[in-house]
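Naming convention: chains lettered A, B, ... in sequence-line order (proteins, then strands); numbering from 1 in each chain.
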Protein chains: 4
Amino acid sequence: MAINNVEALFAESLNELELTKKQKSVLRASLTLFSEQGFDRTSTSDIARVAGVSEGTVYKQFKTKEGILKALLGPFIQQVLPKAAGEFLDTFANTNVPDFETFLRRIVADRLTFFETNKLQLKIFIQEILSNSDMAATFINKTVGGAITRITAVMKFYQQKNEIVDWDPVRIVRYIMSTMLGYALPNLIQPDKKLNIEQSTDEVVEFIMRGIGIKKS
Amino acid sequence: MAINNVEALFAESLNELELTKKQKSVLRASLTLFSEQGFDRTSTSDIARVAGVSEGTVYKQFKTKEGILKALLGPFIQQVLPKAAGEFLDTFANTNVPDFETFLRRIVADRLTFFETNKLQLKIFIQEILSNSDMAATFINKTVGGAITRITAVMKFYQQKNEIVDWDPVRIVRYIMSTMLGYALPNLIQPDKKLNIEQSTDEVVEFIMRGIGIKKS
Amino acid sequence: MAINNVEALFAESLNELELTKKQKSVLRASLTLFSEQGFDRTSTSDIARVAGVSEGTVYKQFKTKEGILKALLGPFIQQVLPKAAGEFLDTFANTNVPDFETFLRRIVADRLTFFETNKLQLKIFIQEILSNSDMAATFINKTVGGAITRITAVMKFYQQKNEIVDWDPVRIVRYIMSTMLGYALPNLIQPDKKLNIEQSTDEVVEFIMRGIGIKKS
Amino acid sequence: MAINNVEALFAESLNELELTKKQKSVLRASLTLFSEQGFDRTSTSDIARVAGVSEGTVYKQFKTKEGILKALLGPFIQQVLPKAAGEFLDTFANTNVPDFETFLRRIVADRLTFFETNKLQLKIFIQEILSNSDMAATFINKTVGGAITRITAVMKFYQQKNEIVDWDPVRIVRYIMSTMLGYALPNLIQPDKKLNIEQSTDEVVEFIMRGIGIKKS
DNA sequence: AATGAATGAGTCTTCATTCAT
DNA sequence: CATGAATGAAGACTCATTCAT
């Protein structure tokens, strides 16, 4: 069964929910099971068993199985890009505008930490995006669109300062993201392995700076 | 239902099968449906309907639903990395060893073409890898392991020629792959859009060469 | 779920119950919901919500969902026929025995008023009788049987006075009841429409008197 | 769960369905069970067991439990009133217009036979009408409305011939129907008892003719 | 070879009922 | 007394798979 109201995914927030201990246990069990086996291969009786509650309890707070998915992914999605964008803006709010490498390092470290913290949600999110075209479309429209505009502004700023190459900002963002993804992806497939954030950040920044930076003579 | 014998996925090859017109139609329908909705959200009756055959016919050649998946992914998986590795070896078989950029351009163009051609299989493959840990483990053991060894040799070769930075070859391969992935991924989510192979190759190579290349003075 | 102890339905009386404001609210909500959607399509949580109480409160007074039904129908059933029979007896207690038309008019007006007042209970009662054979059997045995005897006596009285045709009293009662039913039934289906008691009584009596009356020459 | 597409009930006809032996068995079992226990108190596993088939088979032809209900009631509803109305028209197609008593006797015998033959469907139909307001509304709009017009014409015809009293035709029809109902209803509650059509018809006609007929002097 | 009716285990979901707070 | 979280037994429905025709 496909997810009907993907819109709702982006509207609700987990924080607003009053969750009892058992209901949190349901979410924890669902997070594990969905990420390990996928949404469709996880039955609600699996969830109940792992959460140590009855199946009825699973449905008390989350009216449907999809409801659990929404409760898990909603807060996640709201932070994937928006927070990054917020970070950019905060950066400019500071009078001390950093050089691009400092800026990049901050972003990369922040996002790698976010990915590592939300590894399981990210895995579930990707699973859904690959088998639910609505999900993908809505995500792109609601989330990606707005972020691109702001990020582009940042890139142009550093391009004018002649710190990075004069490529299409979208292209630059693509490289930053895909390089980070190169470090994050293997950990999605084997979630028990932990990402070394510091080293990864150093490596990503080193590579990206070579790839798009401009050496001042 | 999880896939039981992932091992078998790597053993069988579609080529060995004698397929009638109707059976090919079943595979074509399955490829489309699996990639659009995911394996679990696709029912065998969906497949039969889209393929224009009876459900009985679906089960004539492919004993189970998983059998269809194996028939689709088996040949694909055997080519994801192995063929790339083969390409490397062929390169060395030639006496005319090219410079790294030429070598890189050939690999990138080849793999981007492969991804574009096998977009749907790739999408299904990723879906499975994310919800079937057996699949991931077997893939890594059987396929990735062997490729790494050979690729490492190639990288070291060019490092000794001082054409690329002296980083861990695995790290370099990670960047090459993730940069390509940055171009391929959006097309997985929206498979109707076609990748401009030439331009993408140019851009990938340009970025990678800046990122890991060493300018000869 | 079928009703187990229909017997009990006829034993208990609502009057014996001490009902708090909230419990009356439960009964009122149940009456509305049962009559609109039927007993089975009404959930106890619906009742609790409409009554503005918690589900626990619903079960405080009425041990089971069937208990609510019994509380609603018990008093109703005890009045459907018995009171009519009582009416007959009272009539004879009077020394002024009325002519049949007067007698009939009194009965019809009384029963139509009763139906109109207890429209919702009647609707629920019919629903139950049609899907609960125990209910029907018990009702006939306990309630109808006794009434018939007394009513027969009344009919024979008027037949001997040569006011009505000499048909089987059961047949005559059938016509009286079915003619009244002809006016009551449409209002069961559309309970918001109100029955015009006076006009209906006039019409019923006019028709019945033509049908079974004997003109004195 | 209420019935969603009552409209469909009136559109489809059982005759159009190709039913296998087992599927007919499902309908037969459903007819019995629904009429005995009611729609809601009958589970699909009950139906399967009584029909001697698997639960899957129940759902092969009738996509939902409601689908079975529609298959049972659709053909019934199309004949409740329409056929009666058709009968009237056919009567007028004959040059030998019968007197009202002959006409009435024909109608009553026909409808009592219909009720007796379709006793179980009628019982189910009434159950549904009492717990599904959509059902009632649609039935009245689609079926009753049209019939009234034609029946009214017939009544006026006999009124002009001075054979029956000059009451509102709707009122007359009400008496005819409710008197018949008086004979049919007890058999709904105890469906194993068979209605004596001939005697019932005689009695109904005798009573109705007294009630609305006009004696020619 | 092909069909599609038939199967039955398994899934999501509802709901009457209980009980700790 | 009142609450509502928790339970678990059904119930409607799906679907991979089989097999007689």
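Distances shown here put every side-chain N or O of Q61(D) at or beyond 4.0 Å from the OP1 or OP2 atom of dA5(E). For T44(D) and dA12(F), the shortest distance from a side-chain N or O to OP1 or OP2 is below 4.0 Å. Contact annotation: T57(A) side-chain N/O to dT7(F) OP1/OP2 distance is under 4.0 Å. Residue K22(C) places at least one side-chain N or O closer than 4.0 Å to OP1 or OP2 of dT3(F). Between S54(B) and dG4(E) there is no side-chain N or O to OP1 or OP2 distance below 4.0 Å.
Backbone-only engagement by V53(D) is indicated by non-hydrogen atom pairs under 4.0 Å involving sugar-phosphate atoms exclusively.
Scanning for side chain to side chain donor-acceptor pair (under 3.5 Å) contacts around Q121(A) gives an empty result, with sequence neighbours left out. With sequence neighbours excluded, the residues satisfying side chain to side chain contact (heavy atoms under 4.5 Å, CB included) with K24(D) are L19(D), R28(D). Shown here are the side chain to side chain donor-acceptor pair (under 3.5 Å) partners of E36(B), two or more places apart in sequence or in another chain: there are none. Residues satisfying the ring pair (Phe, Tyr, Trp, His ring centres under 6.0 Å) test with Y59(C), not counting sequence neighbours, are none. T44(A) is linked by a side chain to side chain donor-acceptor pair (under 3.5 Å) to E55(A), counting only residues two or more places apart in sequence or in another chain. Under the salt bridge (charged side-chain N to carboxylate O under 4.0 Å, His left out) criterion, R49(A) pairs with D46(A), sequence neighbours left out. Annotation: side chain to side chain donor-acceptor pair (under 3.5 Å) contacts of T32(A) (sequence neighbours excluded): none.
The side chain of T20(B) sits closest to dA1(E) out of dA1(E), dT13(E), dG8(E). The side chain of S43(C) approaches dC15(E) more closely than any other nucleotide in the set dC15(E), dA16(F), dT7(F).
To the nearest 0.5 Å, the span separating CG on L31(C) from CG on L120(C) amounts to 4.5 Å.
D46(D) has its CG atom 12 Å from the C1' atom of dA12(F), to the nearest Å. At whole-Å resolution of the value, CZ in F39(B) and P in dC15(F) are 13 Å apart. Rounded to an integer number of Å, the gap from CD of Q23(B) to C1' of dA2(E) is 11 Å. Rounded to an integer number of Å, the gap from CG of D40(D) to P of dA16(E) is 12 Å. Rounded to whole angstrom, the span from the CZ atom of F62(C) across to the P atom of dC1(F) amounts to 13 Å. For R41(C) and dT13(E), the CZ to P distance is 21 Å, given to the nearest whole Å. Distance CD1 (I68(A)) to C1' (dC12(E)): 10 Å, rounded to an integer number of Å. One atom, CD1 of I47(A), and another, C1' of dT11(E), lie 12 Å apart when rounded to the nearest Å.
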For L33(D) and F39(D), run side chain to side chain contact (heavy atoms under 4.5 Å, CB included): C-alpha distance rounded to whole Å, both residues' side-chain angles, the deciding distance at 0.1 Å, then the answer.
CA-CA 8 Å; L33(D) 292 170; F39(D) 178 81; over 6 Å; no
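Place S45(C) and K21(D) on DNA chain E by their nearest nucleotides, and K21(D) ends up nearer the 5' end. Along DNA chain F, the nucleotide closest to K65(D) and the one closest to T64(B) are compared, and the more 5′ of them pairs with K65(D). Remark on DNA chain F: of its neighbouring residues T42(D) and T42(B), the 5'-side contact belongs to T42(D), judged by nearest-heavy-atom nucleotide.
Scanning DNA chain E for stems, defined as runs of 3 or more consecutive Watson-Crick or G-U wobble pairs whose donor-acceptor distances all fall under 3.5 Å, gives the following ranges: E:2-21 with F:2-21.
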For nucleotides 18-21 of chain E, tabulate all protein N/O to nucleotide N/O atom pairs closer than 3.5 Å, reporting atom names and distance.
none

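Of all heavy-atom pairs spanning L27(D) and L72(D), the tightest one is O-CD2, 3.7 Å.
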